[in-house]
There are 2 protein chains.
Amino acid sequence: MTTSSLESLGPFRKLSEDGRQLLRRGAMLVQCGPPAPILQPGQNISGAYFVVRGRLRVYAIAPDGTEATLYFINPGETCVFALNSLFNDLRYPAWVQAESDTSVALIPGPVFRELFQKEPSIQDVTVRALSTLVFRLMEELEEVHAYKLDQRLANLLLIHASAAGELPMTQQQMAAHLGTTREVVARLMRDFVARGYVETGRGVTRIKDAEGLAGLIATP
Amino acid sequence: MTTSSLESLGPFRKLSEDGRQLLRRGAMLVQCGPPAPILQPGQNISGAYFVVRGRLRVYAIAPDGTEATLYFINPGETCVFALNSLFNDLRYPAWVQAESDTSVALIPGPVFRELFQKEPSIQDVTVRALSTLVFRLMEELEEVHAYKLDQRLANLLLIHASAAGELPMTQQQMAAHLGTTREVVARLMRDFVARGYVETGRGVTRIKDAEGLAGLIATP
DNA sequence: ACTGCTGTGTAGCTTTTGGTACAGACCGAC
DNA sequence: GTCGGTCTGTACCAAAAGCTACACAGCAGT
């Protein structure tokens, strides 16, 4: 954990001087790396989290140990634990992990509360963040029961691939995102490869035929 | 649609005179019945919805036509469409239906916006509602991938049963809630009946052994 | 080069779930 | 009562997904 300047706070640069002063007074910039979880179910949340750099992954762990990604938090977005713990007494039910080297701005609860009351723009950001998350979760929930695994995998590939069509992710990770096992992912991948949609490598998947994948999603 | 007194607004009774005056000026009390959907994906939302009486069901429809319940809105709770449409430009992705005769207080967007800015208590209610919904959706998402259908059905029975252990719901409805088909529900029910957990009737299920059902959820 | 770790490819087998098809039971309207 | 609709029960088959087990490939460290 490192406390440093807040110059890189992204969306927060637009705040008024008043807001920024509060931030300067109390906020911390926290650095985190991939392996260890940052937050665990039931853990106490000390403030509002804003992702500055990198990406956080919010996931659940089933009783049998398999993981499934609920959603991601990208730079400029808020973590909703904060909001859950600041405005509600619900225990937070998921795990959080940094995907890569990630910087998170941690704004202490009292400071954020004050900000929220004073600054309409903060109210707006907050409600918008929550609202967006609700939307994402609904989409995810809909996807889970409306689409089969091959379609969801195709979707994952298309969404997370770089512009060059490369996806730096192990099959184990993909399985975790989809809430399934590596073997199933491998099986589906073999199919995709056979159809010429993708090429697989160690830790990388290259998309060769995005149209094909997209078509798979449209009509099974 | 009927416009009438707002005396029964539940949580809103606690608002300041200022807030209630605004409500008196612009809000409507809308009555709706079970069969027809109230809202459809992409529909324009004209304000904030508060459920006063009855219950709303928010659900998704898959391309193949099967439904799945996302969550319910009970009396005293807010519908988040409103918030999505008032604070965000995201298209709403689900369907809404009244479960029984239901009264909904509809507060026009501009009125609610003004309320939100002036009244900290409204801010609180709003954020809390969103926050709770996020929590519920996460739980649901976790449940979907962590538990099997029999466990989820058992859970449904336990949660929705009356104090007397009666559940006035057809198997078709249960299937819709779980995102599966009636036949599967019937099959699972047969199992539950065989084990003495429940008794089935036309449109009703009676729980005989709640412990048994609960045990089913704990360890399959 | 050797070793060990991690990641991938594959082959069965089992369980779970979905789909089809049909029979019968209950209920209300006429 | 009888008709028609809705709800339930069930049998059988197909598809999807999970589980186990193992072989091998790439990569890093020694």
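The structure presented is a predicted model; accordingly, all values stated were derived computationally and were not measured.
Rounded to an integer number of Å, the gap from Glu183(A) CD to dT10(C) C1' is 10 Å. Separating the CD atom of Gln173(A) from the P atom of dT6(C) is a distance of 14 Å, rounded to the nearest angstrom. Atom pair Met189(B):CE and dT8(D):C1' shows a separation of 11 Å (rounding to whole Å applied). Rounded to a whole Å, the CG atom of Leu153(B) is 12 Å from the P atom of dG18(C). Rounded to an integer number of Å, the gap from Gln172(B) CD to dA25(C) C1' is 17 Å. The CG-C1' distance, from Leu178(B) to dG18(C), rounds to 14 Å in whole Å. In this structure, Met169(B) places its CE atom 16 Å from C1' of dT8(D), rounding to the nearest Å. Rounded to whole Å, the distance from CG on Leu216(B) to P on dT16(C) is 11 Å.
No side-chain heavy atom of Leu133(B) sits under 4.5 Å from any side-chain heavy atom of Leu130(A). Looking at heavy atoms from C-beta onward, Tyr71(B) lies in side-chain contact with Met138(A) at the 4.5 angstrom threshold. Inter-residue side-chain proximity for Arg57(A) and Glu67(A) is flagged as met; some heavy-atom pair is nearer than 4.5 Å. Side-chain contact between Glu142(B) and Glu139(B) is absent, with no heavy-atom pair separated by less than 4.5 Å.
Nearest to the side-chain atoms of Arg190(A) among the listed nucleotides dG7(C), dA11(C), dT8(D) stands dA11(C).
No donor-acceptor contact under 3.5 Å links the side chain of Arg182(B) to the base of dG18(C). With hydrogens and angles ignored, a donor-acceptor pair under 3.5 angstrom links the side chain of Arg202(B) to the base of dT6(D).
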Side-chain donor-acceptor distances from residues 174-186 of chain A under 3.5 Å, at least two apart:
unit_1, atom_1, unit_2, atom_2, d
His177(A), ND1, Thr69(A), OG1, 2.4

Once each nucleotide of nucleotides 12-18 of chain D is scored for protein heavy atoms under 4.0 Å, what B/S/- sequence comes out, 5' to 3'?
----SBB
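For the pair Arg195(A) and Tyr197(A), the cation does not sit on the ring face, since its NZ or CZ is not both under 6.0 Å from the ring centre and inside 45° of the axis.
The main-chain N or O of Phe72(B) is found under 3.5 Å from a side-chain atom of Arg136(B) such that the two form a donor-acceptor pair.
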